[in-house]
2 protein chains.
Amino acid sequence: MAEDQHEKDGRADEWRDVRTDTDRLSELFWSVARQLRHSSREALAPWDIAPSHSRALAVLMHHQALRLSELSDHLHIAPRSTTDVVDGLQERGLIDRMPDPHDRRAMLVSLTDEGHRVGTAIRAARDADAERFFGLLSEDDRADLARILQTLRR
Amino acid sequence: MAEDQHEKDGRADEWRDVRTDTDRLSELFWSVARQLRHSSREALAPWDIAPSHSRALAVLMHHQALRLSELSDHLHIAPRSTTDVVDGLQERGLIDRMPDPHDRRAMLVSLTDEGHRVGTAIRAARDADAERFFGLLSEDDRADLARILQTLRR
DNA sequence: CCTCATAGTGAGCTTGCCTCACTACTATTC
DNA sequence: GAATAGTAGTGAGGCAAGCTCACTATGAGG
């Protein structure tokens, strides 16, 4: 992987002059995204949990009970997809489904004790991973990066 | 989508104090990645071409002929997956497959005239999109971002 | 009461990858 | 110069993570 990356850089020399600097930024950005994705996949490995499940778990960590549709909103995925995610977490005993007492159409999703335990451990692992990844940067660079990303987001 | 983003920001206030700054950077990074992905998906829309196809096309734009396995390496995907990508591009008439004269096991993949035309147009669209996306930043910020991403990559 | 809207889910599709096993071929070794 | 070992591509089939469409059960407003 790393070798390919270097080879790619080498080849880029041939045509660097015809590329805009913003185009180069895209490429760099995705390259870093890949690194970050691999890094956090490793961080999650000990729990053998899918990224989509970990994301849902993270959302549920700071809501004692959410409707399935609310969870969808937080995850930015379709309600039908959330059903599957919730199925998976329930199979693993990490969450409970219960009917909403105020609306018998709706389902409330909440963490089990085990879900809370695993969620906490995963959050710690993710924090540590982020620290390992972005810790390479100086304090100033991290501040700059945060500011710049803030600008790009919207 | 944009609304969800804002709502998420709002909720984040509740617990910002318990998060490390590097964790915040991860979140920001992925948020921007999402924007960038959506933006480039839109940029590609006029050609109705899948991202995986566009990536392969981009690689082929600066090699007159590649073995399928070499294309795999450039794309960082398994050879079997490359077969499918190449199938797709061939169906659309954007590339030609021909047996390697030096090794009858191997296949050489190269752009057709149409493939070259479409590849060029897509590159222009992607450049324009990158410019639109990163153009929000000052010259200095772009330089800083490039430098910082460079540091993070590897 | 009747109509319309909403919450969740079954069925089935799509994208973009993967592994495993196989065929056709090349390279090596005895 | 045959046997063996390795390599290039691909068929078969799988998986993750999303999607839409259509349906049921329920709620809400006239």
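Naming: A, B, ... by sequence-line order, numbering from 1 per chain.
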CA sep, side-chain torsions, deciding dist, call: Val109(B), Arg67(B), side chain to side chain contact (heavy atoms under 4.5 Å, CB included): CA-CA 6 Å; Val109(B) 178; Arg67(B) 282 192 179 191; over 6 Å; no
Any donor-acceptor N/O pair under 3.5 Å between dT26(C) base and Arg105(B) side chain: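 Such a pair does not exist between side chain and base.
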Presence of salt bridge, [Y] and [X], under 4.0 angstrom:
X	Y	result
Asp21(B)	Arg24(B)	no
Asp84(B)	Arg80(B)	yes
Asp87(B)	Arg97(B)	yes

Just N and O in the side chain of [X]: are any of them under 4.0 Å from OP1 or OP2 of [N]?
X	N	result
Thr83(B)	dT10(D)	yes
Arg55(B)	dC17(C)	yes
Ser69(A)	dG8(C)	yes
Ser52(B)	dG16(C)	yes
Arg80(A)	dC23(D)	no
Arg97(A)	dT9(C)	yes

[N] [atom2] sits how many Å from [X] [atom1], rounded?
X	N	atom1	atom2	value
Glu70(B)	dT7(D)	CD	P	15 Å
Met107(B)	dT23(C)	CE	P	18 Å
Leu108(A)	dT26(D)	CG	P	16 Å
Asp84(A)	dG8(C)	CG	P	14 Å
Asp103(B)	dA24(C)	CG	C1'	10 Å
Ile49(B)	dT14(C)	CD1	P	18 Å
Asp87(B)	dT10(D)	CG	P	7 Å
Leu68(B)	dC25(C)	CG	C1'	16 Å

Of Ser81(A) and His102(A), the one whose closest DNA chain D nucleotide lies more 5':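 Its nucleotide being nearer the 5' end, the pick is Ser81(A).
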Could you work out which one of [options] sits closest to the side chain of [X]?
X	options	value
Pro51(B)	dG9(D), dT26(C), dG16(C)	dG16(C)
Ile77(A)	dT26(C), dG18(D), dC17(C)	dG18(D)
Ala106(B)	dA17(D), dA7(C), dG9(D)	dG9(D)
Arg104(B)	dT19(C), dC25(C), dT26(D)	dC25(C)

Residues, nucleotides or ligands: over 12 heavy atoms within 6.0 Å of Glu42(A) CD: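 Not more than 12 within 6.0 Å, no.
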